[in-house]
Amino acid sequence: MTALPVPVVIDHFARINAEPAMSDRVKAVLLRMMGSGSVWMKMSAPYIASPDSTAYEDLDDFVRHLAGDRLDRLVWGADWPHVTESSKPDDAVLINLLARWLSEDEIRVVLVENAARLYHFISGGRDRPAPTGADTGGRACCAKSGIGPT
């Protein structure tokens, strides 16, 4: 996968705890792949990655470790409309997990800077230039006008 000419996004926290006996191996392979520069991990659907926990505390150390080693390769996703779940989770609870795992600066990196680089978003306004490495595709006029994600 790391040789593909496109970015690869592994979602659902790489399902790190879906098969507990494989967790250490999944973590090692994921970190190696993220280090390639072409693989990202999406922090989405913790209920899939952590099926035996409702507070997802078993993801705490994993996320902190990833943030310490590969913060530049983490993005977040709501996984809405939660099609795998008969009882829909509260999205506010899910996004608030970020505050448990990451500092405010790290949250900004994940939600804004990394998403901009991965998805080629442009700046959210003239006070927030596009992150280093972001491809604005010649749309600098939009950044100056304030058009774009915030």
Side-chain angles (χ1 to χ4, degrees), residues 1-85 87-137 143 148-150:
M1 280 198 289
T2 59
L4 291 171
V6 295
V8 174
V9 179
I10 298 172
D11 62 0
H12 304 93
F13 294 87
R15 297 179 183 240
I16 189 69
N17 295 324
E19 183 60 51
M22 295 291 296
S23 292
D24 289 339
R25 177 122 171 90
V26 169
K27 184 189 301 183
V29 170
L30 178 65
L31 281 167
R32 188 185 52 182
M33 291 173 66
M34 290 169 76
S36 74
S38 63
V39 175
W40 301 76
M41 190 197 74
K42 186 181 288 184
M43 296 187 292
S44 63
Y47 44 85
I48 291 175
S50 183
D52 297 328
S53 172
T54 55
Y56 316 115
E57 65 281 343
D58 56 344
L59 294 175
D60 292 355
D61 291 339
F62 174 61
V63 174
R64 288 186 188 117
H65 182 85
L66 287 177
D69 282 3
R70 300 302 330 187
L71 182 67
D72 63 322
R73 290 312 205 185
L74 296 175
V75 291
W76 181 84
D79 206 48
W80 185 87
H82 312 287
V83 296
T84 61
E85 306 305 296
S87 177
K88 306 302 183 193
D90 183 337
D91 288 318
V93 170
L94 299 180
I95 196 163
N96 284 337
L97 290 169
L98 293 178
R100 187 167 90 200
W101 296 324
L102 306 170
S103 70
E104 284 186 35
D105 289 340
E106 290 170 328
I107 291 170
R108 178 173 167 70
V109 168
V110 169
L111 295 179
V112 179
E113 295 175 20
N114 289 353
R117 282 190 302 116
L118 174 61
Y119 300 114
H120 303 284
F121 293 157
I122 57 170
S123 166
R126 64 183 153 258
D127 294 334
R128 293 174 291 204
T132 303
D135 177 7
T136 61
T150 56

- side chain to side chain donor-acceptor pair (under 3.5 Å) evaluation trace for His12 with Tyr47: CA-CA 8 Å; His12 304 93; Tyr47 44 85; over 6 Å; no

Review item, side-chain donor-acceptor pairs of residues 92-100, under 3.5 Å, at least two apart:
from: Asn96; atom 1: ND2; to: Ala92; atom 2: O; distance (Å): 3.1
from: Arg100; atom 1: NE; to: Asp60; atom 2: OD1; distance (Å): 3.1
from: Arg100; atom 1: NH1; to: Ala55; atom 2: O; distance (Å): 3.2
from: Arg100; atom 1: NH2; to: Ala55; atom 2: O; distance (Å): 2.8
from: Arg100; atom 1: NH2; to: Tyr56; atom 2: O; distance (Å): 3.3
from: Arg100; atom 1: NH2; to: Asp60; atom 2: OD1; distance (Å): 2.8

- Item | Closest non-hydrogen atom pair between Leu118 and Pro7, with its separation | CD1-CB, 3.7 Å

- Task: Check the pair Ser53, Glu57 against side chain to side chain donor-acceptor pair (under 3.5 Å), reporting the backbone distance first and the verdict last.
- Result: CA-CA 7 Å; Ser53 172; Glu57 65 281 343; 3.2 Å; yes

- Query: Can you name the nearest heavy-atom pair linking Ser23 to Asn17, along with the distance?
  - Reply: OG-OD1, 3.4 Å

- Note on the structure: Tightest non-hydrogen contact, residues Ala67 and Glu106, listed as CB-OE2, 4.4 Å

- Message: Once ring-ring contact (aromatic ring centres under 6.0 Å, His included) is applied, do any residues pair with Trp101, and if so which ones, sequence neighbours excluded?
- Response: Phe13

- Are the side chains of Ile48 and Arg15 in touch, meaning some heavy atoms are under 4.5 Å apart? yes

- Task: Evaluate the side chain to side chain donor-acceptor pair (under 3.5 Å) criterion for residues Asp58 and Ser50: first the C-alpha distance (whole Å), next the side-chain angles of each, then the deciding distance (0.1 Å), finally the verdict.
- Result: CA-CA 7 Å; Asp58 56 344; Ser50 183; 2.3 Å; yes

- With a 4.5 Å heavy-atom cut-off, do Leu102 and Met43 have their side chains touching? yes

- Between CH2 of Trp80 and NE2 of His82, what distance do you get to the nearest 0.5 Å? 8.5 Å

- Query: Going by heavy atoms in the side chains, are Leu74 and Leu66 under 4.5 Å from each other?
  - Reply: yes

- Task: Determine whether Leu59 and Ile16 make a side-chain contact, defined as any pair of heavy atoms from C-beta on separated by less than 4.5 Å.
- Result: yes

- Check step by step if side-chain contact (heavy atoms from CB on, under 4.5 Å) holds for Ile10 and Trp40. CA-CA 6 Å; Ile10 298 172; Trp40 301 76; over 6 Å; no

Could you give the side-chain donor-acceptor pairs of residues 27-39 under 3.5 Å, partners two or more places apart or in another chain?
from: Ser36; atom 1: OG; to: Met33; atom 2: O; distance (Å): 2.6
from: Ser36; atom 1: OG; to: Ser38; atom 2: N; distance (Å): 3.2
from: Ser36; atom 1: OG; to: Ser38; atom 2: OG; distance (Å): 3.1
from: Ser38; atom 1: OG; to: Thr2; atom 2: O; distance (Å): 3.3

- Is any side-chain heavy atom of Asp72 less than 4.5 Å from a side-chain heavy atom of Arg117? yes

- Message: One pair to check against side chain to side chain donor-acceptor pair (under 3.5 Å): His65 and Asp61. What are the steps and the verdict?
- Response: CA-CA 6 Å; His65 182 85; Asp61 291 339; over 6 Å; no

